[in-house]
Every structure is written in C-alpha cells, then in structure tokens.
Colleague: 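Before I ask anything, here is the structure I am working with.
The basis for the numbers below is simple: all heavy atoms, side chains too, and nothing from hydrogens, waters or symmetry mates. In what follows, chains are A, B, ... by sequence order, proteins preceding strands, each numbered from 1.
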Amino acid sequence: DAGVIQSPRHEVTEMGQEVTLRCKPISGHNSLFWYRQTMMRGLELLIYFNNNVPIDDSGMPEDRFSAKMPNASFSTLKIQPSEPRDSAVYFCASSSGTLSSYEQYFGPGTRLTVT
Amino acid sequence: AQSVAQPEDQVNVAEGNPLTVKCTYSVSGNPYLFWYVQYPNRGLQFLLKYITGDNLVKGSYGFEAEFNKSQTSFHLKKPSALVSDSALYFCAVSFASGGSYIPTFGRGTSLIVHP
C-alpha cells in the first residue's frame with residue numbers, strides 16, 4: 001500500500017492567494033482527518049470526515065479555510081485568501097473506522113509558506 | 001473532556017541505556033491510548049496502542065508502553081536506546097464507547113539519543 005498521499009509537499013505563495021492542499025487516503029479507510037502543525041501550537045485538528053461526510057469542523061480557524069471530500073479517495077483543504085499566519089505543515093491522516101480505538105495513518109505533510 | 005500531558009519537552013539518553021517518555025491522561029471513561037513517532041520532515045507514525053487487556057503493550061521498533069490506571073499514565077519505554085530512535089514522540093488518548101472518536105494529542109516530547 002502506498003500510504004496516505006499528499007500534494008504538494010511544499011507550497012510557497014504570497015499573501016492573498018488561494019491555496020489548495022490535496023490528500024488521497026489509504027484505500028478502504030473511511031475516516032479522514034486534516035491537521036496543522038506549528039511550533040507554537042503543536043498539532044491541531046482542523047476537520048474530520050467519516051464516510052466522506054464532515055463530522056467535526058470546529059477546529060477550522062476561520063471562514064478562509066474550507067475542506068471537501070467528494071469521494072472516498074480524495075480530499076482537499078483550501079485556504080482563501082491565505083495569510084502569513086497560515087504558514088505551517090498540514091497533515092492528512094486516515095483510519096479504518098469511526099471507533100476511538102483505530103489508529104491513524106499520516107501522510108508526509110505539506111509545508112506551506114505564505115509570504 | 002479528555003486531555004493528555006507529556007511533562008517533558010525533551011528527554012536525553014545515552015545509546016544503549018533504557019529510555020522512558022512519560023504520558024499522563026485524563027478521561028471520564030475507559031481510555032484508548034496511543035503512541036506515535038515523528039521523524040524530521042515526516043508525518044506521524046503509529047507505534048502502539050492500548051485498548052484493553054494486558055497492561056504492557058508491545059509495539060514497533062522494540063518499544064513498549066505500560067498502562068497504569070491508578071496513576072493514569074501510559075509511559076513509553078525501550079530497554080536499550082538507539083541513536084536512530086531520536087525523534088519527536090506523541091501520546092494520544094480517546095474515549096472508549098460513546099466518547100469522542102477523535103484522539104487528543106499531547107504536545108510531543110523530543111527524544112535525543114547520544115552516541
């Protein structure tokens with residue numbers, strides 16, 4: 001299995017531009033998570049999908065952030081417009097069930113730099 | 001509400017010596033507990049989990065963790081540290097049966113193994 005795939009691995013953009021991050025979960029997994037990691041805040045959960053449906057988006061920092069999961073094999077996280085404080089590493093993770101006992105499998109991350 | 005604490009930002013140990021990375025948790029019900037490792041410029045990688053049963057859990061790369069209900073702890077251990085174990089380690093906790101499906105992650109502990 002290829003694991004969780006994220007693209008791009010690195011993104012550098014100017015303030016005000018739209019940024020789209022992409023994720024392909026592990027085949028057969030039905031839960032998908034988007035996280036953001038910074039030195040100051042650590043690992044933050046942004047949004048969680050189960051069976052392609054957003055379950056909890058309380059971690060999305062503001063309306064500039066949006067996420068979609070149009071099918072079981074693809075999800076996007078969009079930031080529009082981007083701001084320098086959005087600079088972080090964004091991780092996608094998937095797991096095989098809704099129960100709390102299932103471990104998550106993380107992608108390699110997208111390092112976003114907004115100048 | 002569930003929470004997890006990793007009281008040490010950094011742990012230093014000499015190669016060949018035993019290592020312990022500490023984790024304490026707070027949940028109102030029975031916990032599911034996890035350890036993840038993050039190598040530089042990589043996503044988090046699942047190491048081991050406690051769901052039920054034997055309090056001593058064995059995981060990848062020779063790591064193990066001991067669930068202690070009375071002390072609400074789940075410390076990560078390894079009998080003999082390797083330089084290649086140097087990484088960032090995260091503890092996570094979620095509820096059993098009816099609680100949050102989403103694990104809460106600690107802030108992480110940086111493990112440095114000296115040659």
Colleague: Measure across Thr104(B) and Ser3(B) and return the closest heavy-atom pair with its distance rounded to 0.1 Å.
Modeller: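 Minimum heavy-atom separation between Thr104(B) and Ser3(B): CG2-CA, 4.4 Å.
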Colleague: Answer with side chain, backbone, both or neither: which region of Gln38(B) has an atom nearer than 4.5 Å to a non-hydrogen atom of chain A?
Modeller: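 Looking at Gln38(B), just its side chain touches chain A.
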Colleague: Salt bridge check, Glu83(A) against Arg64(A): does any charged N sit closer than 4.0 Å to a carboxylate O?
Modeller: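 Counted as a salt bridge, because a side-chain N and a carboxylate O are separated by less than 4.0 Å.
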Colleague: Does the structure place the NZ or CZ of Lys24(A) under 6.0 Å from the centre of the six-membered ring of Phe74(A), at an angle of no more than 45° from the ring's axis?
Modeller: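 So Lys24(A) doesn't make the cation-pi contact.
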Colleague: Non-hydrogen atoms of chain A under 4.5 Å away: do they reach the side chain of Arg107(B), the backbone, both or neither?
Modeller: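 Only the side chain of Arg107(B) comes within 4.5 Å of chain A.
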Colleague: For the interface with chain A, which of Phe46(B), Tyr50(B), Phe90(B) has the highest count of heavy-atom pairs at distances below 4.5 Å?
Modeller: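 Maximum pair count with chain A is reached by Phe46(B).
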Colleague: Looking at CD of Gln6(A) and CG of Leu21(A), how far apart are the two atoms once the value is rounded to the nearest 0.5 Å?
Modeller: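 Rounded to the nearest 0.5 Å, the CD-CG separation comes out at 8.0 Å.
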